[in-house]
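Just so it is clear, the structure is predicted and the values come from calculations on it, not from any experiment. Position 1 is the first residue of the sequence, and the numbers go up from there.
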Amino acid sequence: MPQDRRLYTRYQISVEAKTGLQSGIVLPAQALDISIEGVRLRVEGIPPFKVNDELFIVIKANQTIKLKGKIKWIKFEKGYTDIGVKFDQLDIQTSQHLSKILSEMALSDLEDKYLK
């Protein structure tokens, strides 16, 4: 089994998102997991994206957050495509917003594990 080389905890989520290219192509997506470094998205079918494309992402969780990043990998499956995105230099406000959301997820996860 390959070793996970990620530096940050990745949280499993299942929330509505949209993603697109600067050219104007926008697709509905589902965010499947997220960390301070990146996100895994799922889109229906085969999107017109390729590795190293810059994606714009809107994740609609408890709070909406707008992010951008580069595609690091694409995995085509029957009927859908998973896309691994590494966030590009997040501005301080977006980074703080994402950190707050991830902190809330971490606390919720702790409560689920230790307070039940």
Margin query: In this structure, would Val51 and Leu27 fall into the same cluster of hydrophobic residues linked by side-chain contacts under 4.5 Å?
Written below: yes
Margin query: Using 0.5 Å steps for rounding, measure from the OH atom of Tyr80 to the NZ atom of Lys75.
Written below: 7.0 Å
Check: Sub-3.5 Å donor-acceptor pair from the side chain of Thr81 to the main-chain atoms of Val43, do we have one?
Finding: no
Next item on the list: Give, for atom CD1 of Ile46 and atom CD of Glu77, the distance between the pair rounded to the nearest 0.5 Å.
Entry: 11.0 Å
Note to self: Could you tell me if the side chain of Ile25 sits less than 4.5 Å from the side chain of Pro48, heavy atoms only?
What the structure shows: yes
Notebook entry, point to check: Do Val85 and Leu41 come within less than 4.5 Å of each other through their side chains, counting heavy atoms only?
Noted result: yes
Margin query: Just verifying a value: how many Å separate Lys68 NZ and Thr19 OG1, rounded to the nearest 0.5 Å?
Written below: 13.0 Å
Check: Are any of the side-chain heavy atoms of Gln30 and Ser14 separated by less than 4.5 Å?
Finding: yes
Next item on the list: Could you check if a side-chain atom of Arg40 sits within less than 4.5 angstrom of a side-chain atom of Gln12, using non-hydrogen atoms only?
Entry: yes
Next item on the list: Verify side chain to side chain contact (heavy atoms under 4.5 Å, CB included) between Ile34 and Leu98, making sure each step is shown before the conclusion.
Entry: CA-CA 10 Å; Ile34 191 167; Leu98 181 56; 3.8 Å; yes
Check: Taking NZ, NE, NH1 and NH2 as the nitrogens, is one of them in Arg42 or Asp82 under 4.0 Å from a carboxylate oxygen of the other?
Finding: yes
Checklist line | For Val58 against Lys66, the heavy-atom pair lying closest together | finding: CG2-CG, 4.0 Å
Notebook entry, point to check: Within a strict 4.5 Å, meaning less than it, do heavy atoms of the Leu21 and Phe56 side chains meet?
Noted result: no
Check: More than 12 foreign heavy atoms under 6.0 Å from CD of Glu44: is that the case here?
Finding: no
Margin query: For a quick test of reading the model, state the closest non-hydrogen atom pair linking Val15 to Lys60 and the distance between them.
Written below: CB-O, 4.0 Å
Next item on the list: Using atom types as modelled and distance alone, determine if a side-chain donor or acceptor of Thr94 lies under 3.5 Å from a backbone N or O of Leu90.
Entry: no
Check: Would you say Ile83 and Val39 make side-chain contact, with heavy atoms under 4.5 Å?
Finding: no
Check: Which heavy atom in Pro47 sits nearest to a heavy atom in Phe76, and how many Å separate them?
Finding: CD-CE2, 4.5 Å
Notebook entry, point to check: Does the pair Asp88/Lys70 count as a salt bridge with the N-to-O cut at 4.0 Å?
Noted result: no
Item checked: Enclosure of Gln89 CD (heavy-atom neighbours >12, cutoff 6.0 Å) -> no
Notebook entry, point to check: Closest heavy-atom contact between Ala17 and Ala31?
Noted result: CB-N, 4.2 Å
Item checked: Close side-chain approach of Ile36 and Leu102, heavy atoms under 4.5 Å -> yes
Item checked: In one Ile/Leu/Val/Met/Phe/Trp/Tyr side-chain cluster, 4.5 Å: Ile65, Leu32 -> no
Item checked: 4.5 Å side-chain heavy-atom contact, Asn52 and Ile71 -> no
